[in-house]
Amino acid sequence: MTPAAHARRLDAADPLADRRDHFVLPNDTIYLDGNSLGPLTHAAQAAVADTVAEEWGRGLIGSWNDAGWVTLPGRVGAAIAPLIGAAPDDVVCCDSTSVNLYKVLAVALSIREGRGRLVAERDNFPTDLYIAEQAAARAPGACRVAWLTPDESIADTLDEDVAVVLLTHIDYRTGEMHDMADITAAAHAVGAVVVWDLAHSAGAVPLALRDAEVDFAVGCGYKYLNGGPGAPAFIYAHPRHRHQIAQPLAGWFGHAEPFAFEPAFRPRADIAAFLTGTPPIIAMRALEAALGLWQGIDMQQLREKSIALCHLFIETVEANTDDEALTLASPRDAAHRGSQVSFRHPEAYAVMQALIDAGVIGDMRAPDIMRFGFAPLYTRYTDVVAAAERLVSILARRTYDDPRYRAQAAVT
Ligand SMILES: *Cc1c(COP(=O)(O)O)cnc(C)c1O
């Protein structure tokens, strides 16, 4: 059987195959960048149109009550909760991942005031680095960031001086996945508070935040959750910390009674204490609608398909290329990998441009990583094989040597 015929059989037997029809995807494009920006769903398109025309257009200010705008952050949080192994009132939707990370780190650091170190990964996504530095610099007492390099073990750096451990569960470059339960338990053993960034995890892999006793987490609405560009993000907090959400950007939406217009701040007693100001309703409606697609999805089944897609891509590429400059950057063992496969190549930028020109959209992270996200809700096995074959052909023919593939755009 040819790889394409094998892939057609896998698609025919795929229990998640019907989800793809809910997405607006161009016919001539294989989209493997949902780890960076999830595609549009028909549901989000309709919800935004309706929110604008009906709720805003006709309902005007009355929609805060009549269309449930005022409870939207909590409702969207509750819809995210089952995807991350949390209870509905553990999660709230608000702001961006960056802003939420700052709020959560400030709370986490205040809980362990007096300890001297915030442990974080040096090769994390840059916003996490900047935010960690700022949160530590502004924390009560003298706290500094202790940077972990990729070859240092987290367990070895843990001691009773560690206030907070901040980790991104799945690495944005390589797709390498940490063991959330083990690391959380090890950090708790020395009394540290753990904050997980779920940017590349929520909607990509099954998560069990409550079972792992995770303290706090933040995550992204526009990657695997398909909420749209700049979609609002989310915050999770374990109930044991709910009474101490003294967050640094306490605004009127986090007040116990916002419409009492009191001069002094009194925090809400629930997760919505993390809210700051008026939520972006249109954007949040888009995310809410996209989250509807997850109803009835078995996360274990999703994981099995994700592993199978990633495996098929690696296998088809490696079996057919003789370009020795191409090396796998992701863990080979699926147990340590998220829903993404990365390859290194010295000409990564030009190869990716040539691939995009050939209808396969992935992306590139400097200096030499090509990333391919495999979102199981809409990616077909036939897409994976076609993408792998086009990559192999571009490498074999050195199509990427064409100067037009070397011009750099602002967003890679
Ligand atoms: C995508 C991503 C973010 C995004 O943060 P924004 O505030 O939405 O720009 C943050 N952290 C990590 C690890 C990411 O991968």
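Each ligand, and each atom within it, is numbered from 1 in the order the structure gives. Being a predicted model, the structure only gives us computed values, none of them experimental. Numbers for residues simply follow the sequence, beginning at 1.
Taking the ring centroids of Phe265 and His255, they lie under the 6.0 Å cut-off. Taking the centre of each ring, Phe216 and His238 stay at or above the 6.0 Å mark. Ring centroid separation for the pair Tyr405 and Tyr400 does not come in under the 6.0 Å cut-off. Proximity of the aromatic rings of Phe259 and Phe261 is defined here by a centroid distance below 6.0 angstrom, and this criterion is met.
The protein heavy-atom contact nearest to atom 8 (O) of ligand 1 is Tyr222 OH, 2.7 Å. The closest protein non-hydrogen atom to atom 7 (O) of ligand 1 is Ser98 OG, 2.6 Å. Among all protein heavy atoms, the one lying closest to atom 3 (C) of ligand 1 is Lys223 NZ, 3.5 Å.
Between the side chain of Asp11 and the backbone N or O of Tyr381, at least one donor-acceptor pair lies under 3.5 Å. Although no hydrogens or angles enter the test, the distance criterion places a donor-acceptor pair under 3.5 Å between the side chain of Thr174 and the main chain of Glu176.
Ligand 1 has an N or O atom lying under 3.5 Å from an N or O atom of His200, backbone or side chain. Considering backbone and side-chain atoms alike, Asp128 places an N or O below 3.5 Å from some N or O of ligand 1. Ligand 1 has a nitrogen or oxygen under 3.5 angstrom from a nitrogen or oxygen of Asp197.
Stacking of Lys305 on the aromatic ring of Tyr378 is not recorded, the 6.0 Å distance cut-off and the 45° axial limit not both being met.
At a heavy-atom distance under 4.0 Å, only side-chain atoms of Thr127, from C-beta outward, approach ligand 1.
In the vicinity of Ser96, heavy-atom distances shorter than 4.0 Å reach the ligand 1 atoms 7 (O). Atoms of ligand 1 lying under 4.0 Å from any heavy atom of Thr168, numbered from 1 in the order shown and given with element: 13 (C).
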